[in-house]
Amino acid sequence: MIDIQYSAEVRTAKDAGQPIVALESTIITHGMPYPQNIEVAAQVEQDIRDAGAVPATIAVITGKLHVGLEADELSALGQAQGVAKLSRADMATCIATGGTGATTVAATMIAAHYAGVEVFATGGIGGVHQGAETSFDISADLHELAQTPVTVVAAGAKAILDLAKTLEVLETLGVPVIAHGQDDFPAFWSAKSPYAAPLRMDSATDIAKAHSTRRALGLPGGQLVANPIPIADQIPAEELAPIIASAQADADTHRITGKGVTPYLLQRIYEQTEGRSLTANIALVRNNARLASGIAIALAKGT
Ligand code: PSU
Ligand code: MN
């Protein structure tokens, strides 16, 4: 076993059996610019507390796996340079070599499960990139959802991805994709997409029941809860489409590959929407944190 460094509030919550919601840290280090990144991270943690659960932001800091960060640790991580982006492939080497890294959806799921946390809120999952038929760029997040039993609340997958292929791969992998409160699969900055979600549920309690039913059946893997951005905060898909296409073209021109692709595209879209993509991103993460708290609370009650 490796040691987990818990924050004080997560340690207390674990001992008392209180609901805990995991949060990733790549969104802080690679997904949003400083200083908004740490403001948002602190705000999302507070949203979870206000909803009656306890936030556990996950990261590796100088070789130690942290589940829950103290305020000073979160602030330092948000300003640190050269933090690694950790997915399933990199987390163990980072811990083994005393490195510092932020966890993606995949790595956060692994750490949350290891710590006994079953619900996780984020912005958007990684997925199948446009042009994947030649680049083979498919996020490890999808395979993680197929094997690690954590319910992940996200606003769907970013429109920088190929949503149709992302949904197909999730279906192949047997991952339940549950839209919350609507029939469409949401497209991150936009509430709607041209694609229907395979499943729909309208309450946190039902989602919690589905989670515990999978556990009872001994099924490996988690659930993807696709929670649409509130309509008032969305950016219409038509408006984003040309911006995404141009960001994608820039990424191709500059031969951005591997882990660099998602952060590069997010940064270009942030610049080209003059920050509006970030405002929407903040609104949807907060919305996801609230729903995840409801699910964690229902599970803690034995749902
Ligand atoms: N979506 C966002 N912001 C992010 C990410 C996704 O809105 O920062 C991050 C998440 O950590 C996700 C990762 O797990 O990007 C996916 O990266 P890749 O496509 O390289 O697997
Ligand atoms: Mn990738």
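Remember, it's 1-based here, ligands and their atoms both numbered in the order they're listed. Note: hydrogens, waters and symmetry copies are ignored here, and every other heavy atom, side chains too, is used.
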Going by distance alone, is a donor N or O of one side chain under 3.5 Å from an acceptor N or O of the other, for [X] and [Y]?
X	Y	answer
T151	H211	yes
Q43	E39	no
T122	E24	yes
H254	Y264	yes
Q79	S75	yes

Give me the one residue out of I38, T26, L266, L278 that meets side-chain contact (heavy atoms from CB on, under 4.5 Å) with M32.
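Among I38, T26, L266, L278, the one meeting side-chain contact (heavy atoms from CB on, under 4.5 Å) with M32 is L278.
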For [atom], find the nearest protein heavy atom and state the residue, atom name and distance (0.1 Å precision).
atom	result
atom 2 (C) of ligand 1	K158 CE, 3.1 Å
atom 19 (O) of ligand 1	T262 OG1, 2.8 Å
atom 21 (O) of ligand 1	S139 OG, 2.7 Å
atom 17 (O) of ligand 1	K85 NZ, 3.1 Å
atom 8 (O) of ligand 1	G31 CA, 3.5 Å
atom 12 (C) of ligand 1	D141 OD2, 3.4 Å
atom 4 (C) of ligand 1	L266 CD1, 3.7 Å
atom 9 (C) of ligand 1	T26 CG2, 4.1 Å

Test side-chain hydrogen bond (donor to acceptor under 3.5 Å, both in side chains) applied to H180 and N288, N287, N227, the passing residue:
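Only one option passes, and that is N227.
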At under 4.0 Å between heavy atoms, which part of T122 makes contact with ligand 1: side chain, backbone, both or neither?
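Neither part.
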Taking the side chain as C-beta and beyond, is there a heavy-atom pair between [X] and [Y] under 4.5 Å?
X	Y	answer
L69	I61	yes
V119	V150	no
H129	V261	yes
E9	P55	yes

Give every protein N, O or S atom lying under 2.8 Å from the Mn ion (ligand 2), naming each by residue and atom.
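Per the 2.8 Å query on the Mn ion (ligand 2), atoms found are D137 OD1.
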Non-hydrogen atom of G124 closer than 4.0 Å to ligand 1:
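G124 counts as a contact of ligand 1 under the 4.0 Å cut-off.
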Please determine whether any non-hydrogen atom of M32 lies less than 4.0 Å from an atom of ligand 1.
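M32 does not count as a contact of ligand 1 under the 4.0 Å cut-off.
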At a 4.0 Å threshold, what atoms of ligand 1 neighbour a non-hydrogen atom of [X]?
X	answer
T104	11 (O), 14 (O)
E24	10 (C), 11 (O)
F188	7 (O)
H129	19 (O)

Salt-bridge contact K259-D90 (side-chain N to carboxylate O under 4.0 Å)
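A salt bridge is present here (some side-chain N lies under 4.0 Å from a carboxylate O).
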K192 with D184: basic N within carboxylate O range, under 4.0 Å:
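No, this pair does not count.
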